[in-house]
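Positions are given from 1 along the sequence. Note that the structure is predicted; figures quoted are calculated from it, not measured.
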Amino acid sequence: MLDKIIKELNIRGKLIYLSQYGSHLYGLDTPSSDLDFRGIYIPSINDIILHKDQDEINKEVQIDNNKVDVKIFSLQKFIKLCS
């Protein structure tokens with residue numbers, strides 16, 4: 001499933017981390033629960049130079065009849081959140 005999610009995201013840059021979180025991870029999901037993923041990416045050098053890089057990418061995709069909510073932070077934003 002991760003390969004399908006990555007393909008749907010079409011990230012310009014390099015995805016360095018993607019992990020599931022939320023109700024499915026903790027076993028608290030209901031039949032109507034969506035799948036949740038969080039990740040970190042390194043924007044492409046061209047996007048950084050041209051100031052087209054995004055601090056975070058939020059996307060909802062449909063994979064195998066499952067609604068998937070994905071939030072990916074740029075490495076710079078992730079470091080700011082950690083400090």
Side-chain angles (χ1 to χ4, degrees):
M1 178 181 289
L2 286 177
D3 291 336
K4 291 179 182 179
I5 293 171
I6 292 167
K7 185 177 178 181
E8 284 288 324
L9 292 174
N10 194 22
I11 296 172
R12 293 191 328 240
K14 184 175 182 179
L15 184 65
I16 58 174
Y17 178 77
L18 186 63
S19 175
Q20 186 176 9
Y21 90 108
S23 61
H24 283 272
L25 180 64
Y26 300 112
L28 302 172
D29 55 301
T30 65
S32 62
S33 295
D34 62 349
L35 293 168
D36 300 297
F37 286 85
R38 292 292 183 260
I40 303 168
Y41 85 107
I42 299 173
S44 71
I45 190 71
N46 288 339
D47 284 350
I48 293 171
I49 291 170
L50 298 173
H51 298 287
K52 292 184 177 180
D53 56 320
Q54 298 174 312
D55 280 343
E56 56 186 73
I57 299 169
N58 296 302
K59 200 162 198 182
E60 268 186 26
V61 294
Q62 199 70 20
I63 306 287
D64 301 331
N65 295 325
N66 293 312
K67 185 176 132 188
V68 181
D69 177 37
V70 183
K71 182 181 269 191
I72 300 176
F73 297 105
S74 69
L75 182 59
Q76 300 91 322
K77 170 81 176 202
F78 178 73
I79 291 170
K80 286 179 189 175
L81 290 171
C82 289
S83 59

Check for me, please, whether [X] and [Y] land in the same ILVMFWY cluster - side-chain distances under 4.5 Å, paths through other members count.
X	Y	result
Leu18	Tyr41	yes
Leu15	Leu2	yes
Ile57	Ile6	yes
Ile42	Ile45	no
Ile48	Leu50	no

- Task: List in chain and number order the residues that pass side chain to side chain donor-acceptor pair (under 3.5 Å) with Ser23, two or more places apart in sequence or in another chain; answer none if no residue qualifies.
- Result: none

- Item | With sequence neighbours excluded, residues passing side chain to side chain donor-acceptor pair (under 3.5 Å) with Glu56 | Asn58

- Query: With Asp34, which residues qualify under salt bridge (charged side-chain N to carboxylate O under 4.0 Å, His left out), at least two apart?
  - Reply: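 In terms of salt bridge (charged side-chain N to carboxylate O under 4.0 Å, His left out), with neighbours along the sequence ignored, Asp34 is linked to no residue.
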
- Task: Please identify each residue that fulfils salt bridge (charged side-chain N to carboxylate O under 4.0 Å, His left out) with Lys52, with sequence neighbours left out.
- Result: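 Partners of Lys52 under the salt bridge (charged side-chain N to carboxylate O under 4.0 Å, His left out) test: none.
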
- Quick one: pull up CD1 in Ile63 and NZ in Lys4 and give me the separation to the nearest 0.5 Å.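 Taking CD1 in Ile63 and NZ in Lys4, the distance rounds to 7.0 Å.
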
- Atom pair CG/CG of Asp29 and Leu35 - distance to nearest 0.5 Å: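 Rounded to the nearest 0.5 Å, the CG-CG separation comes out at 8.5 Å.
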
- Item | Single hit among Lys7, Glu8, Lys67 for side-chain contact (heavy atoms from CB on, under 4.5 Å) with Val61 |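 Output: one option passes, namely Glu8.
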
- Query: Which pairs pass salt bridge (Lys or Arg N to Asp or Glu O under 4.0 Å) with one or both residues in residues 35-45, sequence neighbours excluded?
  - Reply: none

Which pairs of donor and acceptor atoms, one on a side chain in residues 68-78, lie under 3.5 Å apart (sequence neighbours left out)?
unit_1, atom_1, unit_2, atom_2, d
Ser74, OG, Lys77, N, 3.2

